[in-house]
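The next block holds one structure in the form of structure tokens; read it before the comments.
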Amino acid sequence: MNYWLMKSEPDTFGIDDLFKRPEQTEHWDGVRNYQARNMMRDDMKIGDQVFFYHSNCEEPGIVGIMQVARESYPDFTVFDPDDKHFDPKSNPDKPTWYMVDVKFVRKLSRNISLRELKLKTELTDLALLRRGNRLSIMPMNAEQWAFILSLE
DNA sequence: GCCAACGTTGGC
DNA sequence: GCCAACGTTGGC
């Protein structure tokens, strides 16, 4: 079992949007970073636990929990000329970009904000808090996961 | 292979 | 809206 944190802008796709999806499940498309792609493609397994992080908003922070519902498969938005993630160079026979499906588990009782996480010495090694880390998908260990949950 | 220019992310 | 920190692109 692996633990992850995935970022999304609530204006684009927030935790409530996931909640409202059929089966409360949605594909996590649009990842266009190789490091993040590799983690999704190679390491994300069904049942892995994922924090839903709201970025680029009034109070960035962790707002909910999801789990991996389907392991990696090609990100089809790359082949759709009408999609914002369309990439004309992509070859359907040799997909570059992958995605997973995530399923809503629950919302946290409150937003555990970035501001608050930064104050915790227990989390100094958390990828999210490391300087300049802009990855949209980050791994964490079981201790970090449990500690963050204990703040709820 | 180097590196400057450019685009993006995301906190503030 | 600003800007730091990256990642990518493309000329050479």
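Each chain gets a letter, A, B and so on, in the order its sequence line appears, and its residues count up from 1.
Checked by atom type, the side-chain pair A:Tyr73/A:Asp101 shows a donor-acceptor distance below 3.5 Å.
A:Arg134 contributes a side-chain N or O that forms a donor-acceptor pair with the base of B:dT8 under 3.5 Å.
Taking for each of A:Asn56 and A:Gly132 the nucleotide of DNA chain C with the nearest heavy atom, the 5'-most of the two is the partner of A:Asn56.
Using a 4.0 Å cut-off between charged nitrogen and carboxylate oxygen, A:Asp75 and A:Arg32 count as a salt-bridge pair.
An OP1 or OP2 oxygen of B:dG11 is reached within less than 4.0 angstrom by a side-chain nitrogen or oxygen of A:Tyr53. A:Lys7 has no side-chain polar atom (N or O) that falls below the 4.0 Å cut-off from OP1 or OP2 of B:dT9.
Each of A:Met140, A:Met138, A:Met6, A:Met66 was checked for a side-chain contact (heavy atoms from CB on, under 4.5 Å) with A:Phe51, and the lone residue meeting it is A:Met140.
If you measure from atom CD1 of A:Ile62 to atom P of B:dG10, you get 14 Å, rounded to the nearest angstrom.
Under a cut-off of 6.0 angstrom, the local environment of CD in A:Gln35 is sparse, with at most 12 non-hydrogen atoms contributed by other residues, nucleotides or ligands.
For the contact set between residues 112-123 of chain A and DNA chain B, defined by any heavy atom under 4.0 Å, the members are A:Leu114, A:Lys118.
Listed nucleotides C:dC6, B:dG10, C:dT8 differ in distance to A:Tyr34; the shortest reach to its side chain belongs to C:dT8.
Residue contacts shown for A:Arg131 are limited to sugar-phosphate atoms, with no base heavy atom under 4.0 Å away.
Residues A:Leu151 and A:Trp4 fall within the same hydrophobic cluster, defined by Ile, Leu, Val, Met, Phe, Trp and Tyr side chains chained together at heavy-atom separations under 4.5 Å.
Not less than 6.0 angstrom separates the ring centroid of A:Phe79 from the ring centroid of A:Trp97.
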